[in-house]
Undergrad: 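Before we start, here is the structure in question, set down as structure tokens.
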Amino acid sequence: MSTTTTPPRTNRLGLGIGEYKGGDSTLCAGCGHDAITSQLIRAFWEYGVEPQRVAKLSGIGCSSKTPAYFLRQSHGFNSVHGRMPAVGTGAMLANRDLVAVGISGDGDSASIGLGQFCHLLRRNVPMIYIIENNGVYGLTKGQFSATADYGSKSKGGALNDLPAIDVCALALEMGCNFVARSFAGDPKQLVALIKAAISHRGTVLLDVVSPCVTFNNHEGSTKSYPFAKQHEELLHEISYVPFFEQIEVDYEEGSVVDVEMHDGSRVRLRKTERDYDPTDKAAALAMLMRTNHDEELLTGLIYINEGQPDFLASLDLCETPLARLGSEAVVPGESALHEVMESLT
Amino acid sequence: MSTTTTPPRTNRLGLGIGEYKGGDSTLCAGCGHDAITSQLIRAFWEYGVEPQRVAKLSGIGCSSKTPAYFLRQSHGFNSVHGRMPAVGTGAMLANRDLVAVGISGDGDSASIGLGQFCHLLRRNVPMIYIIENNGVYGLTKGQFSATADYGSKSKGGALNDLPAIDVCALALEMGCNFVARSFAGDPKQLVALIKAAISHRGTVLLDVVSPCVTFNNHEGSTKSYPFAKQHEELLHEISYVPFFEQIEVDYEEGSVVDVEMHDGSRVRLRKTERDYDPTDKAAALAMLMRTNHDEELLTGLIYINEGQPDFLASLDLCETPLARLGSEAVVPGESALHEVMESLT
Amino acid sequence: MSQQSPDAAVLDEEGGGSSASVINDFSIQVATVNGSGSQSANLVLMRSIFRMGIPVSGKNLFPSNIAGLPTWFTIRANKDGWTARRKEIDILVAMNPATAREDVLDLEPGRVVVYEDRLNLSELRSDVIFYPVPFAKLATEITTDSRLRKLLANMLYVGVVGELMGIETQEIDAAIRKQFKGKKKAVELNMQAIAIGIRYTREHIRKIDPFRCERMDKTAGKIIIDGNAACALGAMFAGVTVATWYPITPSSSLCESLEGYMKRYRHDQDGKATYAIVQAEDELAAVGMAIGAGWAGARSMTATSGPGISLMSEFVGLAYYAEIPLVIFDITRVGPSTGLPTRTQQSDILSLALLSHGDTRHVVIIPGTVEECFSLSLEAFNLAEELQTPVFVMSDLDLGMNNWMADPFQLPTRPLRRGKVLSAEDLAEAGEFGRYRDVDGDAIPYRTLPGTDHPLAAYFTRGSGHDADAKYSERADDYVNNMNRLKRKYDTARSMAPAPVVHDDPDARVGLVAFGTSDVAVGESRVQLEREYGVRTRYLRLRALPFTAELDAFIDRCDRVYVIEQNRDAQMSMLMKMELPVERIGKLRSVLHYSGLPIDARFITDELIAAERKENG
Amino acid sequence: MSQQSPDAAVLDEEGGGSSASVINDFSIQVATVNGSGSQSANLVLMRSIFRMGIPVSGKNLFPSNIAGLPTWFTIRANKDGWTARRKEIDILVAMNPATAREDVLDLEPGRVVVYEDRLNLSELRSDVIFYPVPFAKLATEITTDSRLRKLLANMLYVGVVGELMGIETQEIDAAIRKQFKGKKKAVELNMQAIAIGIRYTREHIRKIDPFRCERMDKTAGKIIIDGNAACALGAMFAGVTVATWYPITPSSSLCESLEGYMKRYRHDQDGKATYAIVQAEDELAAVGMAIGAGWAGARSMTATSGPGISLMSEFVGLAYYAEIPLVIFDITRVGPSTGLPTRTQQSDILSLALLSHGDTRHVVIIPGTVEECFSLSLEAFNLAEELQTPVFVMSDLDLGMNNWMADPFQLPTRPLRRGKVLSAEDLAEAGEFGRYRDVDGDAIPYRTLPGTDHPLAAYFTRGSGHDADAKYSERADDYVNNMNRLKRKYDTARSMAPAPVVHDDPDARVGLVAFGTSDVAVGESRVQLEREYGVRTRYLRLRALPFTAELDAFIDRCDRVYVIEQNRDAQMSMLMKMELPVERIGKLRSVLHYSGLPIDARFITDELIAAERKENG
Ligand SMILES: Cc1ncc(C[n+]2csc(CCOP(=O)(O)OP(=O)(O)O)c2C)c(N)n1
Ligand SMILES: Cc1ncc(C[n+]2csc(CCOP(=O)(O)OP(=O)(O)O)c2C)c(N)n1
Ligand code: SF4
Ligand code: SF4
Ligand SMILES: [Mg+2]
Ligand SMILES: [Mg+2]
């Protein structure tokens with residue numbers, strides 16, 4: 001091993017990016033979901049998360065298959081349609097040391113799974129929740145989902161006559177403290193957001209427009225690559241400074257906002273003409289309402305509120321993951337049983 | 001029958017209020033739900049809805065029992081927990097002439113039923129949807145529901161450590177065009193709102209704080225009679241002028257706003273100090289956010305947007321209720337079958 | 001003879017009903033409205049009989065609402081320990097004007113009515129014994145607070161009945177102290193009410209009925225508990241770490257009890273919880289969380305009743321197919337649909353055994369006593385992890401919410417069994433790992449937990465087709481191999497599931513098979529059958545699905561086997577027919593009780609005798 | 001003999017495989033990747049054989065993803081009309097490099113491989129016949145558009161195979177015109193591809209295999225359709241007014257077909273829809289809407305597959321108990337859980353029969369052919385309304401999504417039966433109404449629809465306890481009476497459910513029972529059994545639950561009855577055991593096929609012969 005080949009690039013754990021890959025994708029060539037997969041691989045590698053600490057969770061759909069395509073060394077659970085939030089909640093209850101990454105589709109989260117999705121957000125379960133949003137049911141061949149825009153056209157030519165559910169606005173309404181939107185065709189932004197997500201404690205909702213090249217990439221679709229590219233509006237330019245790499249750069253006064261994450265990392269937002277404050281929830285809601293109305297695809301960090309207690313904190317759990325507690329810790333002794341029995345005589 | 005007793009007061013159909021009553025309540029004496037029942041009876045009677053045209057729908061809970069206690073001459077359907085929206089949607093598909101009144105609880109709608117609730121709103125199914133909101137599961141003896149306020153106290157003394165779901169804000173987010181909040185202890189407002197609801201086409205969401213005297217009327221509850229009385233803030237004084245009774249009264253310039261309903265009735269809002277415009281959705285959302293934060297119980301017509309097409313309109317249904325179509329209308333003839341068969345040879 | 005109720009017969013034998021004494025063998029029914037606070041009084045009455053050393057049970061028959069509707073609390077005391085429901089009431093305490101008439105008319109002749117004087121019940125019939133008491137008036141003697149007065153009126157009847165039956169005052173007082181533990185004022189007021197009741201009885205009632213308590217020694221050291229609390233204790237001592245639930249009668253009190261116990265006994269040195277109890281948004285979420293937790297290595301559980309079981313159906317199929325351990329308590333009530341939420345039935349058996357689409361087959365543990373609610377619930381957690389599959393514990397409203405007497409529970413001597421879980425060290429040693437391989441020939445594979453720090457640890461869990469290494473597969477052979485292994489695993493479960501309890505009788509030709517709460521009624525019926533009809537029986541009580549070899553052997557020893565169930569469709573019998581060879585099927589008969597009231601011995605006896613008569617020509 | 005596959009034997013008899021002709025009896029398998037556009041080519045190939053007058057079927061074996069994975073399309077042509085799946089492939093068209101090796105190695109000796117030249121398959125073995133074709137190169141002759149080229153490469157193999165098999169060019173052209181109806185450009189291009197394929201074959205391939213098409217007259221006037229479209233037609237002609245659904249393979253195309261047909265045939269004079277089709281947010285909502293619609297008087301339906309059935313469980317119990325008509329299509333796939341979503345199985349039977357907690361029992365209609373998909377779906381709507389209960393129609397992926405030949409469908413002569421619905425006039429006349437009274441002694445009550453303009457019309461529907469007048473009741477007698485009536489109603493259903501189809505044979509001692517898509521394979525197997533083994537069989541095909549008297553009579557005429565099912569757990573057999581008297585149970589045996597591929601005749605024959613040998617010592 002002492003020959004002089006250029007060493008593979010490694011992250012702070014000494015792992016190459018290959019260690020963060022998964023099995024071969026079985027999705028359609030060009031599917032937005034695969035693009036997101038690549039950014040997940042990159043972000044987890046760059047951050048240097050131990051793969052074995054990650055739990056990948058999903059429901060059912062093309063999107064929900066993607067956990068098989070990244071982080072091969074992480075446990076994965078492809079559960080049932082629309083119910084990943086519950087499974088993920090249970091997994092985090094069992095092992096608070098896990099980094100949970102939930103991948104869902106718009107059908108999975110906004111149609112069948114809407115209730116569970118909302119309740120996960122409301123509980124603030126620590127999980128990076130990514131919706132690979134293509135406005136259709138890919139796996140069942142292109143029916144409208146609940147995020148399909150009003151008036152958008154199906155491949156067969158039908159017009160959608162129901163309003164879209166905006167999962168970001170809904171997440172805000174449900175009390176989520178980290179709400180962002182991105183686009184599968186914007187790798188730089190997406191990687192930064194995912195890394196910021198890893199640094200957040202609590203639920204992160206990442207709504208990523210992810211075109212379905214087979215069923216929803218045509219003229220008239222509002223979730224196609226061309227449409228998204230044309231209508232994407234950046235809230236800000238976002239970059240991520242990890243806690244282990246705090247380099248100071250000078251920025252023009254007022255041109256940059258830094259958000260400090262709980263692990264010491266920083267999310268750096270460089271202003272666009274918008275001058276947007278991602279800590280003002282009412283403004284965030286109003287802006288979503290307006291941009292939805294105007295058919296802009298607004299991307300970036302929509303809302304952030306660091307430092308809030310997550311669900312596990314409110315349960316006052318012990319430090320050791322519950323799954324690792326031995327019998328001595330979980331079986332009260334003979335005397336406890338005796339005490340209970342006494343009270344029942 | 002020609003003896004001279006004072007004739008009973010009757011409505012425009014010539015019916016006494018007794019015709020709008022139901023069976024005896026089996027709820028606890030003093031339950032807010034019974035107060036709402038009384039106002040439903042009054043409103044339907046005053047409006048003069050033909051009882052036989054009404055379909056009463058509910059899920060499971062103390063609240064969901066109430067359809068048995070009003071409009072005895074209307075068909076009722078006490079379905080399963082959290083799934084009344086689907087049943088009601090189906091009933092309206094079958095018979096568009098029905099006036100659907102759905103009664104639900106906060107557990108029924110915001111916990112188990114959250115998904116269906118949202119999708120009903122998104123579809124704009126014509127239905128008056130009343131949530132008898134007491135912040136607890138009454139029928140299962142007082143557990144917190146998803147509308148229990150953060151930090152509110154259970155009868156047993158436990159503190160709720162999850163944020164409340166605001167069903168009004170959620171309804172706005174889901175595109176509901178008639179969103180109102182009231183209080184079981186405010187009969188006047190409630191009757192006016194119910195009558196306005198009857199006049200609206202599309203989903204009406206009526207969130208009525210309805211104290212559970214048995215499990216959630218104690219100190220520390222934010223859904224008790226005392227709390228609601230102390231914290232109720234009227235958005236406006238509301239009254240209802242039915243289409244068949246258009247009396248003109250002079251009001252001081254600018255002190256009153258009239259909203260014209262699709263049946264020609266008018267909802268009259270007399271301003272309080274707030275100067276609130278119930279047609280501005282963004283303002284409505286912002287206001288809910290603020291008043292929730294301030295623990296005010298804001299009541300009145302929060303948002304209205306008359307004239308939007310309802311779900312049945314978007315389906316382009318025929319005039320005759322589907323349930324009434326005869327065989328000749330629903331069985332295509334021999335020739336149609338022949339044509340299809342030809343195409344398959 | 002067959003026309004006459006045998007209990008009446010007993011009275012007759014002892015001399016015509018009213019003169020001779022009936023000692024330690026009676027049922028008291030208190031008819032009130034719910035929400036009226038009579039529950040404490042009833043418990044005090046029951047416990048004071050218990051403290052007299054007499055075996056006793058208490059059953060609450062309540063409506064599916066919160067307050068204001070008729071409720072009946074029945075206390076059965078029986079010197080031989082037969083404390084199942086009995087249809088006949090000996091002493092009626094009629095406090096509810098709405099039902100008093102029907103309640104009185106329902107009595108057998110010779111029985112007793114204690115009632116609020118103003119109800120004027122004595123005109124209703126002349127063949128029962130009436131003891132009017134001016135409860136409302138007496139209550140005014142204790143307090144002027146009208147709410148309190150209503151509550152205390154209840155305690156008055158405890159005094160009256162206690163005095164009538166010869167219950168020792170000190171035992172009533174002790175029961176009151178237990179009931180209102182720590183609440184000094186309440187203890188005093190209630191004791192005062194008791195005293196007034198006693199005094200009134202002594203001064204105004206001439207006892208002419210035969211029913212009496214006499215001290216015995218059959219309850220020393222025993223406990224009284226409901227099955228749900230017992231299940232909760234079983235779960236706690238099984239080391240449950242994640243419990244998720246959604247409220248539903250009659251299962252809610254299981255998780256509520258659990259929460260109470262866990263708060264007291266399950267914190268670490270820092271006072272932090274060694275468990276998570278989560279009220280989910282519904283049953284789909286509850287079971288989904290329990291599955292996620294079981295997957296990630298927690299001992300997890302959820303508890304529900306019929307409607308929840310139906311909702312869990314899809315998820316349970318996932319857990320079966322992906323082989324995830326968790327325990328699901330089904331405290332059954334009357335179905336179908338919402339049914340009668342506050343009545344008891346055993347009608348979810350087929351659902352549990354077969355839950356979910358596709359070929360599925362589940363392990364079901366069926367406690368029949370409160371002691372088993374403790375010990376078998378505990379065992380269910382071991383089985384779930386050993387077998388890596390959802391394990392149901394099927395109890396019912398009668399067992400779960402009513403009060404039963406039992407010996408104090410014992411911790412098992414065997415340590416917890418956590419099943420085949422590979423640690424990082426195990427993986428390092430083995431050098432290979434395939435999640436669904438049948439390494440040991442018992443069809444139970446090995447698993448690893450998320451977070452295990454070894455490169456071989458990770459695998460991908462899914463409810464879709466997979467091969468022995470947990471890789472996605474649509475291959476026919478992978479599918480079939482996996483399904484066949486799952487079937488073999490179910491056979492492995494046969495040797496691990498709790499064996500039936502058999503009461504054999506070499507001279508009996510008739511066999512009885514029952515399960516769950518029918519147990520006490522069956523025991524009593526066997527005595528009736530032998531005593532009254534000379535019919536001797538063998539009795540096998542099932543305690544689990546899958547069936548074990550004992551069932552086959554039992555049937556072989558019998559000419560005919562009556563399967564006694566509390567459902568309409570003979571559900572357990574159906575499962576037996578699905579599995580058993582035809583010779584055994586031929587012996588099966590059914591006794592079915594499904595009114596929503598707990599089954600009683602007399603019903604079984606009557607049905608069985610009728611069937612036997614038919615059978616014998 | 002028993003070691004050798006009989007089809008090979010047939011070849012042998014006819015002289016060693018390659019010399020003598022095999023006319024109108026072969027299977028073609030096209031191996032491609034999905035999303036490659038081969039589906040049109042395969043349909044054209046199938047239809048051109050069909051147009052030659054030869055009975056044919058087409059089965060698509062596709063993966064559970066959208067594009068890029070292996071897919072096999074199998075066309076079976078059989079002069080006797082046996083068009084079930086056959087395991088052996090005669091002509092393999094190997095277009096997919098990823099599976100070509102395994103596909104070739106799987107062939108029986110003497111079979112044919114048509115393949116893309118560059119794949120170099122001929123080295124793999126020497127006992128099959130290889131015809132290499134430079135498809136990619138040939139495609140460049142037609143167009144320079146690379147996407148189009150890929151599509152047209154598919155049509156090339158149609159030309160090659162057509163020419164090889166002797167399919168008349170005019171029939172291929174006609175099939176192309178049908179496939180690309182109205183798209184002139186596409187028709188032209190595809191015909192060009194066909195011509196090139198034919199030309200290449202003529203010029204470069206020397207045919208040495210025996211498989212050939214010859215014109216016959218067995219398809220004149222017949223149609224080709226998939227079962228889902230046929231069910232949709234049945235629903236439309238039943239006058240369905242509300243259809244709700246949630247997408248799931250393999251049921252989605254049922255509602256999508258329905259939507260297509262309804263758009264064309266179901267509008268009133270003003271062009272307004274006389275129906276509502278709603279894509280719900282999930283299966284709970286879909287069935288809930290159908291229940292609401294059925295309650296309010298619509299003919300309502302929903303369609304789903306296994307996971308959806310599990311999710312509908314709670315709601316279906318409500319519909320059973322509250323007696324609400326609706327039709328639920330279950331197009332079954334491989335379970336448990338997500339299972340193999342694109343493979344076929346009959347493993348939801350127990351779920352459907354018993355769905356929901358509590359005592360429930362459902363009516364299930366089981367079409368076995370596309371014609372029955374039409375006629376029995378139609379009938380299901382009549383039964384649902386007549387019986388006032390949810391009625392399931394159980395089809396499967398093989399029937400639902402594959403192409404089957406049939407006689408054109410006929411409208412039933414009997415008018416729609418809408419069941420016992422009382423109008424305002426009826427009420428006025430009757431002067432009384434009790435929703436759940438058994439007026440006619442058939443246990444089927446009368447109902448009224450919401451909106452009925454009569455003061456007596458209203459009643460209250462609930463899934464909780466109710467009396468005969470639909471009033472809330474927790475009374476034991478009300479409950480038991482109602483449940484007993486529901487049980488009697490299920491018995492009434494026995495006389496109304498579609499009777500089994502019986503193929504009797506007075507000399508047979510062995511009986512076969514099957515249902516659904518197993519039908520064609522069973523028919524073929526019966527011929528094999530008789531021809532090859534001299535075993536004659538009777539055959540009963542079930543078409544519904546509950547079982548009807550024919551089943552009993554059939555079993556009585558047999559010594560042994562093999563129940564043939566496509567599931568692991570012998571689910572239909574289990575249901576039979578649950579109901580039948582023991583003498584009949586004793587005769588039951590099982591033949592189980594559950595790999596996810598459609599059952600084939602040879603499998604049945606082999607299994608049955610093996611079982612019979614054991615049986616006879
Ligand atoms: C209970 C259930 N219902 C329906 C399905 C069928 N199904 C599979 S994926 C899917 C939709 C997926 O859509 P989405 O979540 O948007 O994922 P995409 O394929 O678009 O990435 C559906 C309806 C299922 N698997 N389970
Ligand atoms: C599937 C199912 N789960 C649980 C229950 C038990 N249950 C009955 S009512 C109820 C809660 C009702 O709460 P809410 O809707 O707020 O009504 P309230 O009684 O407070 O008016 C629950 C959980 C049920 N009936 N069905
Ligand atoms: S169908 Fe659409 S969502 Fe699914 S893999 Fe293909 S492109 Fe992606
Ligand atoms: S428990 Fe509460 S909600 Fe239920 S009836 Fe009583 S007061 Fe009303
Ligand atoms: Mg999607
Ligand atoms: Mg409530």
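Reminder, nothing fancy here: chain letters follow the sequence lines and each chain counts from 1. None of these values were measured; they are calculated from a predicted model.
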Undergrad: Can you measure from NE2 (B:H81) to OG1 (C:T338) and round to the nearest 0.5 angstrom?
TA: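 That separation rounds to 10.0 Å.
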Undergrad: What residues form a side chain to side chain contact (heavy atoms under 4.5 Å, CB included) with B:A91, not counting sequence neighbours?
TA: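 In terms of side chain to side chain contact (heavy atoms under 4.5 Å, CB included), with neighbours along the sequence ignored, B:A91 is linked to D:W295, D:A296.
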Undergrad: Return the NZ to CG distance between B:K65 and C:N65, rounded to the nearest 0.5 Å.
TA: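 It comes to 5.0 Å.
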Undergrad: State, to 0.1 Å, how close C:Y246 and B:S111 come at their nearest heavy-atom pair, and which atoms those are.
TA: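 That closest heavy-atom pairing would be OH-CB, 4.1 Å.
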Undergrad: Provide the closest heavy-atom pair for C:Q279 versus B:Y137 in the form atom of the first, atom of the second, distance.
TA: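 For C:Q279 and B:Y137, the tightest heavy-atom pair comes out as NE2-CE1, 3.4 Å.
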Undergrad: Walk me through whether B:I112 and C:E283 qualify under side chain to side chain contact (heavy atoms under 4.5 Å, CB included).
TA: CA-CA 8 Å; B:I112 189 170; C:E283 291 87 348; 3.6 Å; yes
Undergrad: Taking everything shown except B:K153 itself, do over 12 heavy atoms lie less than 6.0 Å from its NZ?
TA: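 Count not over threshold, so no.
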Undergrad: Side chain from CB out, backbone as N, CA, C, O: work out which of these in B:I60 comes under 4.5 Å of a heavy atom of chain C, or both, or neither.
TA: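 Only the side chain of B:I60 comes within 4.5 Å of chain C.
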Undergrad: Within residues 21-30 of chain B, which positions have a heavy-atom distance to chain C below 4.5 Å?
TA: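 Listed by number, the contacting residues are B:T26, B:L27, B:C28.
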Undergrad: Counting heavy-atom pairs under 4.5 Å with chain B, which one of C:S64, C:G68, C:G35 comes out on top?
TA: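 Sorted descending by pairs with chain B, the first entry is C:S64.
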Undergrad: Side chain, backbone, both or neither: which part of B:F215 has a heavy atom under 4.5 Å from chain C?
TA: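 Just the side chain, heavy atoms under 4.5 Å.
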Undergrad: What distance do C:L311 atom CG and B:R83 atom CZ have between them, rounded to the nearest 0.5 Å?
TA: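 C:L311 atom CG to B:R83 atom CZ measures 5.5 Å (nearest 0.5 Å).
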Undergrad: Mark yes or no for whether B:Q143, through its side chain, and C:P247, through its backbone, hold a donor-acceptor pair below 3.5 Å.
TA: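 Side chain of B:Q143 to backbone of C:P247, a donor-acceptor pair under 3.5 Å: no, none is there.
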Undergrad: Nearest 0.5 Å, what's the SG-CD1 distance between B:C31 and C:I66?
TA: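 Answer rounded to 0.5 Å: 10.0 Å.
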